[in-house]
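For ligands, and for the atoms within them, numbers begin at 1 and follow the listed sequence.
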Amino acid sequence: MTSVLTRPELTPDRTPTRRHYVMCPPTYFAVEYAINPWMQPGIAVDRELALAQWDTLRRTYLELGHEVTVVDPVPGLPDMVYAANAATIVDGRVYGARFRYAERVPEAAAFRGSLPGTYCEPSFVNEGEGDLLVAGDVVLAGTGFRTDPRAHAEAARVLRRPVIGLELVDPRYYHLDTALAVLGDHDVAYLPEAFSPRSRGILAGRYPEALVASPVDAAVLGLNAVSDGAHVVLPAAATGLAAALRDRGYTPVGVDLSELLKGGGGPKCCTLEVRA
Ligand code: ARG
């Protein structure tokens, strides 16, 4: 099928902007508890492989010209590798996380000292950029499994951006960043089936040209992607999504994070963006 976007004269020019990311190595990574359907407690995890895969992701960002701050991992906090959950940072304001499950609660404090900006302690459960995705001038905010909807209003106040609430309905896509990827200020990719009918309507109204992902690509966490406006770092297994991104003028960069998928995370989960 030839989409209109494959005609070169109509393919938009994508311009990357330099980003600053926070990451945390999977030094103590394990799957010891299950708080999402991807996690099978006790499953063997190859930590050395996890570290190597994570390091490839880190080096990919450096090669793309981005800055990466690495936070020290803490023993006993196996999910710290999913740094995206630690906060949401906009214009130097840090809206801290408050984790839903006891196992992850101490992570908020473990990251806090390494996050540049003015820290704001949250009153409501929110899992940082897992559920709060900055898209241009607005914040798309997930709820349904982790983030308390009351945190959406709090995030709007702290981050001084309009927040658009979206309800997730499929437990496999428990964080917004597993069901939707921000590609550019006004461009997203998402899996409609992961959202309530009302939220689907909001997304269709706001992003009529959005890239609609297939369930097959979503099932390898293909939407857990990181865009700099031109390059989109995503799970290598999401081949259909990579092709669709290329058609839209993006450069997909596939990475293999198979070990970290055992915890229910991909590239975006491992990446917290600092917006100074
Ligand atoms: N095991 C972690 C959890 O369930 C994975 C977090 C993935 N992070 C993300 N941004 N989606 O909380």
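Close approach of ligand 1 to Gly130 (heavy-atom distance below 4.0 Å) involves ligand atoms 10 (N). Here is the list of ligand 1 atoms found below 4.0 Å of a heavy atom in Met39: 1 (N). Listed by atom number, the atoms of ligand 1 under 4.0 Å from Ile35 heavy atoms are 3 (C), 4 (O), 12 (O). If you number the atoms of ligand 1 from 1 as listed, the ones under 4.0 Å from a heavy atom of Asn85 come out as 6 (C), 7 (C), 8 (N), 9 (C), 10 (N).
Residues Asp79 and Tyr33 bring a donor and an acceptor atom of their side chains to less than 3.5 Å of each other.
In this structure, Ile89 CD1 and Arg275 CZ are separated by 8.0 Å, a value rounded to the nearest 0.5 Å.
Atom 12 (O) of ligand 1 has as its closest protein heavy atom Arg104 NH1, 2.6 Å. Of all protein heavy atoms, the one closest to atom 9 (C) of ligand 1 is Cys269 SG, 2.7 Å. Regarding atom 10 (N) of ligand 1, its nearest protein heavy-atom neighbour is Asp177 OD2, 2.7 Å.
The shortest N/O to N/O separation between Asn36 and ligand 1 falls below 3.5 Å. Residue Thr178 has no nitrogen or oxygen atom sitting less than 3.5 Å from a nitrogen or oxygen atom of ligand 1, judged on distance alone. Annotation: Gly263 places an N or O atom under 3.5 Å from an N or O atom of ligand 1; distance criterion only.
Around atom 5 (C) of ligand 1, the closest heavy atom drawn from Phe145, Tyr174, Tyr173 belongs to Tyr174. When Thr271, Leu221, Asp79, Asp131 are ranked by how near their heavy atoms come to atom 2 (C) of ligand 1, first place goes to Asp79.
Leu176 and Leu272 end up in different hydrophobic clusters when Ile, Leu, Val, Met, Phe, Trp and Tyr side chains are linked at under 4.5 Å.
When heavy-atom distances to ligand 1 are checked against a 4.0 Å cut-off, Arg146 comes that close only through its side chain, counted from C-beta outward.
Checked by atom type and distance alone, the side chain of Glu154 pairs as donor or acceptor with a backbone atom of Ser123 at under 3.5 Å.
Salt-bridge check for Glu167 with Arg198: failed, with every basic side-chain N at 4.0 Å or more from each acidic carboxylate O. Asp148 has no carboxylate O lying under 4.0 Å from a charged side-chain N of Arg98, or vice versa, which leaves the two without a salt bridge. The residues Glu121 and Arg112 are annotated as salt-bridged, a charged nitrogen and a carboxylate oxygen being separated by less than 4.0 angstrom.
For the pair Lys268 and ligand 1, no heavy-atom separation below 4.0 Å is found.
Using cut-offs of 30° and 60° on the angle between ring planes, the pair Tyr21 and His66 is perpendicular.
Of all the heavy atoms in Gly96 and Pro122, the pair that sits closest is O-CG, 3.2 Å.
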